[in-house]
Amino acid sequence: VQLQASGGGSVQPGGSPRLSCAASGFTLDYYAIGWFRQAPGKEREWVSCISSSDGRTYYADSVKGRFTVSRDNAKNTVYLQMNSLKPEDTAVYFCAADGSAHAYSTWYKVRYEYAYWGQGTLVTVSS
């Protein structure tokens, strides 16, 4: 079971990179996929999530309206389209997967609720 995040790099403010999270060893269809990020010297924070069942999406207030999460089950890949990037979006971005049931509705915001993690991809926003 492996997740591979990719698509990071250096972008200018206002840029629109797309991150990918590819799975191997399991089928993403049955898993909720979360995106987290960790800026230098800061705690890892939740960014977005897409559910397994109905494809419902959720976003942190800091990225709502700028980021879009989607999934392509045929490619076993989840994407995070990031638009209008700001310097404060600079971070290592991680994708995570979990397929279990949870006792509360906002579990997807909690990093410890995810069973599988990718290695992270660095996004640097700078002019």
Side-chain angles (χ1 to χ4, degrees):
V1 174
Q2 192 172 15
L3 290 172
Q4 179 79 33
S6 62
S10 295
V11 298
Q12 292 188 337
S16 299
R18 187 179 74 166
L19 304 184
S20 299
C21 177
S24 59
F26 67 105
T27 303
L28 278 181
D29 304 34
Y30 305 111
Y31 291 79
I33 306 299
W35 285 95
F36 289 75
R37 66 185 181 186
Q38 188 165 15
K42 295 189 176 181
E43 293 289 318
R44 191 171 300 188
E45 65 173 356
W46 171 73
V47 174
S48 181
C49 177
I50 185 166
S51 70
S52 59
S53 54
D54 55 8
R56 192 171 299 184
T57 58
Y58 307 88
Y59 300 95
D61 288 344
S62 59
V63 306
K64 196 173 295 182
R66 298 189 298 123
F67 291 12
T68 303
V69 61
S70 61
R71 63 196 309 152
D72 185 336
N73 290 336
K75 294 184 178 180
N76 215 26
T77 300
V78 169
Y79 302 100
L80 184 68
Q81 177 66 50
M82 304 190 294
N83 297 327
S84 303
L85 281 183
K86 307 173 183 180
E88 52 263 43
D89 293 317
T90 294
V92 177
Y93 284 74
F94 299 87
C95 60
D98 197 82
S100 58
H102 298 271
Y104 56 107
S105 61
T106 57
W107 68 269
Y108 52 83
K109 297 182 180 180
V110 181
R111 58 182 289 193
Y112 303 109
E113 295 284 0
Y114 290 85
Y116 307 107
W117 286 81
Q119 85 292 353
T121 185
L122 175 63
V123 176
T124 303
V125 185
S126 174
S127 55

How many angstroms lie between CG in D89 and OG1 in T124, if you round to the nearest 0.5 Å? 11.5 Å
At what distance, to the nearest 0.5 angstrom, does CZ of R111 lie from CG of D98? 14.0 Å
Could you give all pairs that pass the side-chain hydrogen bond (donor to acceptor under 3.5 Å, both in side chains) test and reach residues 21-34, with sequence neighbours left out? none
With the side chain counted from C-beta on, respond yes when K42 and P40 share a heavy-atom pair under 4.5 Å apart, and no when they do not. no
Looking at W35, I'd like to know if the NZ or CZ of R18 sits under 6.0 Å from its six-membered ring centre while staying within 45 degrees of the ring's axis. no
Could you tell me if T77 and D72 have a donor-acceptor pair between their side chains, going purely by distance under 3.5 Å? no
Over-ring placement of R44 relative to F94, 6.0 Å and 45° cut-offs: yes
Flag the pair Y58 / Y108 as yes when their ring centroid distance falls below 6.0 Å, and as no otherwise. yes
Side chain Q12, main chain V125, donor-acceptor under 3.5 Å: no
Decide ring-ring contact (aromatic ring centres under 6.0 Å, His included) for W46 and Y114; before the verdict, give the C-alpha distance in whole Å, the side-chain angles of both, and the deciding distance to 0.1 Å. CA-CA 11 Å; W46 171 73; Y114 290 85; 9.2 Å; no
Could you check K86 against R66 for side-chain contact (heavy atoms from CB on, under 4.5 Å), going step by step and ending with a plain yes or no? CA-CA 10 Å; K86 307 173 183 180; R66 298 189 298 123; 3.9 Å; yes
To the nearest 0.5 Å, what is the distance between CG (N73) and OG (S52)? 10.0 Å
Side chain S16, main chain N83, donor-acceptor under 3.5 Å: no
Has E88 got more than 12 heavy atoms of other residues, nucleotides or ligands less than 6.0 Å from its CD? yes
